[in-house]
Amino acid sequence: MTSPFKKVLIANRGEIAVRVIRACRELGIATVTVYSEADRESLHVLMADRAVAIGPPGPAESYLAIDRVVAAARATGAEAVHPGYGFLAENATFAEACAAAGLVFIGPPASAIRAMGDKVAARRTARRLGVPVVPGTETPVTDDAEAARVAASVGYPVMIKAAMGGGGKGMRLVRTAAELAGALRAARSEAGGAFGDSSVYIERYVEEPRHIEIQVLADAHGTVLHLGERECSIQRRHQKLVEECPSPFVSAEMRGQMGEAACRLAAAVGYVNAGTVEFLVDRQGAFHFLEMNTRLQVEHPVTEMVTGRDLVKEQLRIAAGEKLAFGQDEVTWRGWAIECRINAEDPLEGFVPSPGRIAGLRVPGGPWVRDDSGVYAGATVPRFYDTLMAKLIVWGPDRDAAVARMRRALGEYRITGVRSTIPVLERIMADGDFAAGRLHTGFMERLLGAGIAGGPARRRIALVAAALAAYEQAERRAPAPPSAAPSAWKQSGRAWTGPR
Ligand code: MV4
């Protein structure tokens, strides 16, 4: 078998850079990574064949600096660049800069990135193709009167979203006409600040939606196919915590319909490489196109485990101009996979980042357990980047087996030195609604609202209120010193590792 490339530069860091290095190595491709001063001893640097220092810790001067990344690829003789996710992965200017420097961008054409980057244009494309979209505007809304007309016609509540946004940033829920003008102003200024474009659009609000996305693969020879769905409804503030494949809600018939819609959309914008089409699914089970992510996603491993296809290898082969070696009828789904995101965050302190040195680390293993990690014992989690340290992925013959295996694996996980999301992941896996597959986007609010212990929610809230009142009274009598050790309450919470 011939390698798609001889040498690839990975323009990323952390677990995804490691994931791409692994695929390259199995294909006989030499790897180069870039790194910032904060990542001198990070795992992707230790694992790559070569690593190039590109600047200070701030992403704007390193991982987002197009000229520095391109220069590193040229200097090391790389033929192609894999952007991972985040950073420059959905930057059309970067894709063009790679091409101008004679480098293959391992991702879609710049034109497809742009076509999907503008969410209003993407909605229009979907509608033109007969792909269901949430009722709303076909062009960005400019003045208050027009917004009021649109909102009244689609019906309240509505959502205001940034045209160049995505992933939930800059969204505003508007319940009544009276709130509209203020929300519009706030959304515009937020969008302008975050995306450099203050255009916004309006959609009818879908109550308690589920977030289900379709993985697509397209080659440069006109084949577009899908690898089914991922269920991503377990999120907190638009950060996914748990993903699974398949979704407990999706029948073979619905998978076929969503998959066909996703492929049609990808084909219409000339998509090539791996991409993901996001849908909102309402309580009646109807799906609506939301947006397309023109990159490899964090949660891609669950699709790999169930379809048996290596998405990063497919990306490399597609970028090298190879034809997809299988057809839609050869894509099959076997068993169930679940992914948990192990973030350096403190779930007992509102999920604040918990960067620092990992003192101790013991990762789970055993049958059908996959550890996609960017860290090691002794490594430092820098404070400059996102908090994802590792992903824990398990496979089982059915959903119950996968949940049991994930609970077993989380129970084996030990990380010291930094706080992690493991305790909250254990709670999700132990939850009755989760076990029953009753998932929706309000799941985490309900779970976190329920507090640390078990029992009826209202009683626990009363209990916490009483404890707080007693604490405040004690505090007034004897204020705690500023650097006091964590209270017994917090310590017991942190020590809690879930039902065994
Ligand atoms: C919505 C919605 C309800 N109605 N759009 C959040 C992420 C971004 N990609 C879109 N999001 C939503 N869009 C309409 N018209 C509710 C959400 C939403 C959500 C979606 C998926 C998963 C979790 C969520 C949490 C809050 C809001």
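Indexing begins at 1, ligand by ligand and atom by atom, following the structure's order.
Aromatic ring centres of Tyr156 and Tyr205: separated by at least 6.0 Å.
The number of heavy-atom neighbours closer than 6.0 Å to CZ of Arg283, taken from other residues, nucleotides and ligands shown, is above 12.
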Apply the test side chain to side chain donor-acceptor pair (under 3.5 Å) to residues Thr276 and Arg230: give CA-CA distance (whole Å), side-chain angles for both, the deciding distance (0.1 Å), then the verdict. CA-CA 10 Å; Thr276 297; Arg230 290 184 288 261; 3.0 Å; yes
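In this structure Ser62 satisfies the side chain to side chain donor-acceptor pair (under 3.5 Å) test with no other residue, sequence neighbours excluded.
Ring pair Trp333/His226 is parallel by interplanar angle, where below 30° counts as parallel and above 60° as perpendicular.
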Short N or O contacts of ligand 1 with protein, under 3.5 Å, listed by atom name?
residue: ligand 1; atom: 4 (N); partner: Val206; partner atom: N; Å: 2.9
residue: ligand 1; atom: 5 (N); partner: Lys161; partner atom: NZ; Å: 2.9
residue: ligand 1; atom: 13 (N); partner: Lys161; partner atom: NZ; Å: 3.0
residue: ligand 1; atom: 15 (N); partner: Glu203; partner atom: OE1; Å: 2.8
residue: ligand 1; atom: 15 (N); partner: Arg204; partner atom: O; Å: 2.8

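Partner of Glu304 under the salt bridge (Lys or Arg N to Asp or Glu O under 4.0 Å) criterion, out of Arg22, Lys313, Arg370: Arg370 alone.
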